[in-house]
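Since this is a predicted model, take the numbers as computed values, not measurements. Convention: sequence-line order gives letters A, B, ...; per-chain numbering from 1. Computation of the quantities below employed the complete heavy-atom set of this structure, encompassing side-chain atoms and omitting hydrogens, waters and symmetry-equivalent molecules.
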Amino acid sequence: MTKKNVISENGIRRNPPQKKGLLQRYAAAPHIVWSVLFIIAPLIFVAYYSFTDADGVFTLANISAFFTEKYLIIFFRSVKLALIATAICLLLGYPIAYFISRSKPKTQKVLILLLMLPMWMNFLIRTYAIMVLVQDTGIINSFLGKFGIGPIHILGTEGAVIIGMVYDYLPFMILPIYSVMSKLDNRLIEAASDLGCNGFGVLRKVIFPLSLSGVISGVTMVLVPSISTFYISQKLGGVDTLLIGDVIEQQYTASNYNMTASLSLILMLILLVGLAIVNHYSDGDGGGMMP
Amino acid sequence: MKRKLNETETFSETTESEQPPSDGCVAKTSNKIIELRNISKSFDGEPVLNDISLCINDSEFITFLGPSGCGKTTTLRIIGGFESPDIGDVFFDGARINNLPPYKRQVNTVFQKYALFPHLNVYDNIAFGLRIAKVKEAEIKERVTEMLKLVNLRGFEKRNVNLLSGGQQQRVAIARALINKPKVLLLDEPLGALDLKLRKDMQVELKNIQTKTGITFIYVTHDQEEALSMSDTVVVMAEGKIQQIGSPTDIYNEPVNAFVADFIGESNIIDGVMLEDFKVRFAGHTFVCLDKGFEKNEPIDVVVRPEDVDVVAVERGMLTGTVSSVTFKGVHYEIIVDIDGFKWMIQTTDYVAPEETIGLYIEPDAIHIMKKSEYSNMFGDYSSFSDELEHLSDITEDIEE
Ligand SMILES: Nc1ncnc2c1ncn2[C@@H]1O[C@H](COP(=O)(O)OP(=O)(O)O)[C@@H](O)[C@H]1O
Ligand SMILES: [Mg+2]
């Protein structure tokens with residue numbers, strides 16, 4: 001059987017590369033202008049400020065400052081809290097996504113709507129809501145107080161920051177996983193069951209490997225904003241939960257633009273390298289949710 | 001799909017079987033492996049299976065045959081454990097298995113559109129069941145190799161299943177099921193998505209595999225030719241009910257009602273009256289036949305197969321008719337003959353001209369008498385018959401599937 005046959009029988013179309021028409025070429029023009037104005041130009045500014053001092057003289061001081069104890073502690077704390085929050089999101093989100101994808105189509109719609117609903121609110125407001133929940137006189141503690149427990153001091157701890165991250169970013173974990181799972185062919189599940197898998201075996205041998213692209217995309221979508229967040233830690237955390245995002249914001253408010261730029265640049269590069277590694281090891285299908 | 005059966009190929013003997021038709025357990029009960037007892041099933045209040053009773057013998061090739069939507073897949077899924085009956089029981093080796101989940105059944109399935117695991121290559125797909133059963137890798141390797149040989153896919157171990165052709169995917173699906181040495185293999189229209197040529201080849205291959213392995217095959221198809229050429233036993237279904245169970249020869253020669261007669265092969269189905277034993281009147285003539293046991297003057301349906309009518313000179317004919325069309329079919333001519341306004345289809349090797357008046361002669365053993373049923377009068381004569389239309393209806397059915 002020739003290669004050509006194999007491809008056509010499967011209905012897989014491989015379009016040969018085409019020469020772009022005039023229209024196609026200029027249709028991209030607005031996008032290019034937009035990119036140059038709002039992505040490339042700012043990046044150049046960031047790079048410029050990173051390598052200069054307040055007087056515009058070239059220096060590496062801003063860059064090397066990041067690699068001092070003060071900033072490294074904060075950076076690794078950001079990574080730690082983000083990783084914990086991501087892990088919790090995955091542990092919570094995966095079963096939820098599985099449950100939603102296995103329910104009836106009508107129920108699925110309702111559940112997804114409920115999931116999206118908080119996302120339509122500004123996330124500052126959501127963060128305030130969490131504050132009200134966890135503060136010493138908050139709903140959780142007054143509820144526990146009825147049973148003579150507490151108050152448990154949450155606000156101002158790393159725990160509160162993690163709760164905030166999980167609350168804010170959980171939907172970003174659930175949605176891509178759900179999106180992959182809902183497309184999963186039910187006959188594959190039946191086939192696995194037919195071949196001797198019990199419920200857990202089906203999950204481990206078929207559903208999990210086939211939803212991996214959704215997991216990768218979910219992890220990325222939670223991890224990246226968690227590492228660089230600043231508002232959550234400011235509202236829910238304390239002095240010793242300062243994150244790298246907070247430091248960048250502080251430097252900006254203090255009008256120290258060179259330090260702001262260098263910290264942003266380094267953070268961005270680290271995230272880009274991380275994403276590139278993840279992309280390299282996943283098969284590139286991000287469940288349609290990968291940016 | 002109605003085409004004349006090649007008698008020399010399909011029927012090596014023409015037995016006058018005396019087995020009681022349509023009874024769930026026709027065969028000797030000694031080696032039965034599966035029994036369905038009075039199974040009924042509805043979906044959303046819509047009845048889909050209606051009192052299905054059936055025995056399946058060990059090592060037989062049994063086929064569920066019927067038009068699309070008649071409940072074949074549902075019956076198969078009940079045996080596989082993917083659906084459970086509302087009423088009735090499923091027995092496997094004498095034990096009731098109504099509530100046994102699929103992974104505990106000694107049954108494997110070849111799914112309608114293969115359902116291969118896209119994240120595994122050919123080797124890992126086939127090895128799937130053995131890995132679950134915790135078989136040692138060395139033995140797995142040996143058995144996968146053996147399976148690949150059986151399905152003619154040697155050297156395909158590392159291939160990506162998503163890039164295989166339909167026929168190759170089908171073979172992987174069969175190997176993946178067979179490697180577990182199931183007692184029973186369920187196949188749901190396994191060849192439905194293949195083109196005609198490949199389908200014919202795979203039919204032969206599947207039959208060979210079944211004979212070689214001795215595994216009971218339960219096969220689902222809506223293609224009567226496929227059913228007749230492959231099966232030991234055919235179960236004809238319509239509207240969620242079993243119409244007839246029997247060998248391909250029985251089903252073809254002794255259809256129990258008008259539905260079966262019409263669905264299997266070409267047939268002239270005529271209203272008649274059973275005057276007495278061995279004497280039937282239809283088309284304005286009294287014929288001698290081999291059937292008995294009907295009431296005096298009982299209305300019945302007569303079926304006469306197109307190849308069983310002899311064209312003779314008018315004066316020698318029992319019936320006289322006018323030829324309305326002639327189609328050359330290679331081995332024979334297919335002619336439509338108008339007999340008192342009822343169009344018969346007749347196959348003859350001698351050429352007759354259109355508009356010619358001919359005599360027709362029907363031997364007693366060419367006449368088959370059927371009890372009246374709800375399907376009587378549902379199938380008219382061949383007045384609207386055309387090859388082209390027949391072909392078109394085949395296509396729409398294929399798309400539906
Ligand atoms: N899961 C289901 N839910 C609702 N209706 C179903 C379901 N499965 C089958 N049916 C209906 O049951 C009838 C028989 O289906 P099926 O057993 O697949 O027929 P066949 O395989 O003979 O074509 C069809 O009318 C089909 O629409
Ligand atoms: Mg079906």
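Of the listed residues (B:Pro101, B:Pro118, B:Gly80), the one with the most heavy-atom contacts under 4.5 Å to chain A is B:Pro118. Counting heavy-atom pairs closer than 4.5 Å to chain A, the top-ranked of the candidates B:Arg176, B:His119, B:Arg105 is B:His119. Counting heavy-atom pairs closer than 4.5 Å to chain B, the top residue among A:Val206, A:Leu212, A:Val202 is A:Val206.
Rounded to the nearest 0.5 angstrom, A:Glu190 CD and B:Arg77 CZ are separated by 4.0 Å. Residue B:Tyr103 holds its OH atom at 8.0 Å from OG of A:Ser193, rounded to the nearest 0.5 Å. Here SG of A:Cys197 is found 12.0 Å from CZ of B:Arg131. Values are rounded to the nearest 0.5 Å. Between the CG atom in A:Asp185 and the OH atom in B:Tyr114 there is a gap of 13.5 Å [rounded to 0.5 Å]. Rounded to the nearest 0.5 angstrom, B:Thr109 OG1 and A:Arg187 CZ are separated by 12.0 Å. Atom CD1 of B:Ile126 sits about 11.5 Å away from atom CG of A:Leu195, to the nearest 0.5 Å.
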Step-by-step side-chain contact (heavy atoms from CB on, under 4.5 Å) determination, A:Lys205 to B:Phe128: CA-CA 9 Å; A:Lys205 291 280 192 175; B:Phe128 193 91; 3.7 Å; yes

Derivation and outcome, side-chain contact (heavy atoms from CB on, under 4.5 Å), residues A:Leu188 and B:Phe111: CA-CA 9 Å; A:Leu188 294 178; B:Phe111 290 85; over 6 Å; no

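Neither the backbone nor the side chain of B:Val110 comes within contact range of chain A, judged by heavy atoms closer than 4.5 Å. Contacts between B:Leu116 and chain A at a heavy-atom distance below 4.5 Å involve the backbone alone (N, CA, C, O).
Within a 6.0 Å sphere centred on CZ of A:Phe99, heavy atoms belonging to other residues, nucleotides or ligands number 12 at most.
Between the side chain of A:Asp194 and the main chain of B:Asn108, no donor-acceptor pair closer than 3.5 Å is present.
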